2 protein chains.
Amino acid sequence: MNIHHKLKEKGLKITPQRLVVMEAIFQLNNHPSAENIIEYVKEKFPNISVATVYKVLDIFVEKGILKKVKTDKDVMRYEGYLERHHHLFCDETHQIKDFHNKELDAIIQNYFSKYKIKDFEIKDFQLNINGVFKAS
Amino acid sequence: MNIHHKLKEKGLKITPQRLVVMEAIFQLNNHPSAENIIEYVKEKFPNISVATVYKVLDIFVEKGILKKVKTDKDVMRYEGYLERHHHLFCDETHQIKDFHNKELDAIIQNYFSKYKIKDFEIKDFQLNINGVFKAS
DNA sequence: CTATGTAAAGATAATGATTCTCTTTTAGAA
DNA sequence: TTCTAAAAGAGAATCATTATCTTTACATAG
Ligand SMILES: [Mn+2]
Ligand SMILES: [Mn+2]
Ligand SMILES: [Zn+2]
Ligand SMILES: [Zn+2]
């Protein structure tokens, strides 16, 4: 269940570059952009090429090891948390936070099991929640 | 409630370019990209500048006349339908279709009125539904 | 353990959607 | 009609991402 196994399982070679990209994703842990990841990775691996990072991210997404997070900016963001979950988007700071809630998932799931969408087979869903973060 | 009024209301000048961009959005009617819009607009308005189209789209989004549709591609898409609604994303063709359902909205709304998210004030939400379109 | 083939990394150029800058035109108020 | 700020037009610039090409190194077999 660790990265090594995951790469093996997907038929990908285990390389230090791939490992450090995964580490970056989990350490940064806030839906980082490629740029964020490159910055992190360069600390430990100053000679890594940006192209390598992009290629690693691409292949990880293709193999289902990472997911892209859609935003309304032209910079792609990534995450390694693959379970179903939703996102809180701050209108002001553009921060993104995860929101998990089994109960809500079940409610929506249940709704779709009763009311099928014509000519469409649902594979997955996520709720985008827009608003503003308030100080606690 | 027409475009003229909307532009006036927002303090924007009424120009043929702005009108034709709006027309494009509503005629194309499937979450078109800037490129789609430019293509449409050039038919009737061959000398319009791409920069103008981008500027018009930007200001319309800023003023709340249009909305951006988030995708996992690096091409932005736009829509003029502003009521709350959700999107069906086809994993295969990348087609996007609107999905409206008051009942579902109410269920989710109701859920959030009972279970507040800590430190976050919800302004709006949309459900992204991924899957595949099937022939009827 | 070593050799070998192939997948991956590195360097750097190219791409392409979008934005910027600067000049010219025009909507719309007076 | 005149005037001026706002908007349009042209084209260069930006910059995230991809592509190309060469070099390196994982991983398997011998
Ligand atoms: Mn691009
Ligand atoms: Mn860009
Ligand atoms: Zn997430
Ligand atoms: Zn829509």
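A note on names: the letters A, B, ... follow the listed sequences, proteins ahead of strands, and every chain is numbered from 1. What you are looking at is a predicted structure, and each value in this text was computed from that prediction instead of being measured.
In terms of phosphate contacts, B/Q17 brings a side-chain nitrogen or oxygen within less than 4.0 Å of OP1 or OP2 of D/dG9. Contact between the side-chain N/O atoms of A/T52 and the OP1/OP2 oxygens of C/dG10 is found at a separation under 4.0 Å. Phosphate contact (OP1/OP2 of C/dT18, side-chain N/O of B/Y54, threshold under 4.0 Å): present. Contact annotation: A/T15 reaches the phosphate of C/dA9 (side-chain N/O to OP1 or OP2, under 4.0 Å).
Across the protein-nucleic acid pair, B/K42 atom NZ and D/dA8 atom P stand 15 Å apart, rounded to whole Å. Per the geometry, CZ belonging to A/F45 stands 6 Å off P belonging to C/dG10, to the nearest Å. For the pair A/L7 CG and C/dA8 C1', the interatomic distance rounds to 12 Å; values are reported in whole Å. Between B/K13 atom NZ and C/dA29 atom P the separation is 9 Å, expressed in whole Å. B/E9 places its CD atom 18 Å from the C1' atom of C/dG28, with the value rounded to the nearest Å. The nearest whole Å value for the distance from the CD atom in B/E35 to the C1' atom in C/dT15 is 13 Å. If you take CD1 of B/I59 and C1' of D/dA8, they are 12 Å apart, rounded to a whole angstrom. For the pair B/N47 CG and C/dT24 P, the computed distance is 17 Å after rounding to whole Å.
Applying side-chain hydrogen bond (donor to acceptor under 3.5 Å, both in side chains) to B/H86 and the options B/N101, B/N128, B/D105 leaves one that passes, B/D105.
With respect to A/D124 and A/R84, a salt bridge is recorded, a charged nitrogen being found less than 4.0 Å from a carboxylate O. In this structure, B/K44 pairs ionically with B/E23, as a charged nitrogen and a carboxylate oxygen lie closer than 4.0 Å. One finds no salt bridge joining B/E9 and B/K63 here, because no Lys/Arg side-chain nitrogen approaches an Asp/Glu carboxylate oxygen to under 4.0 Å.
With hydrogens and angles ignored, a donor-acceptor pair closer than 3.5 Å exists between the side chain of A/K55 and the base of C/dG10.
Residue order along DNA chain D, read from the 5' end via each residue's closest nucleotide, puts B/I48 first among B/I48 and B/D74. Of the two residues near DNA chain C, B/V50 and A/L12, the one whose nearest nucleotide lies more 5' is A/L12.
Ring-centre distance between A/H100 and A/Y81: below the 6.0 Å cut-off.
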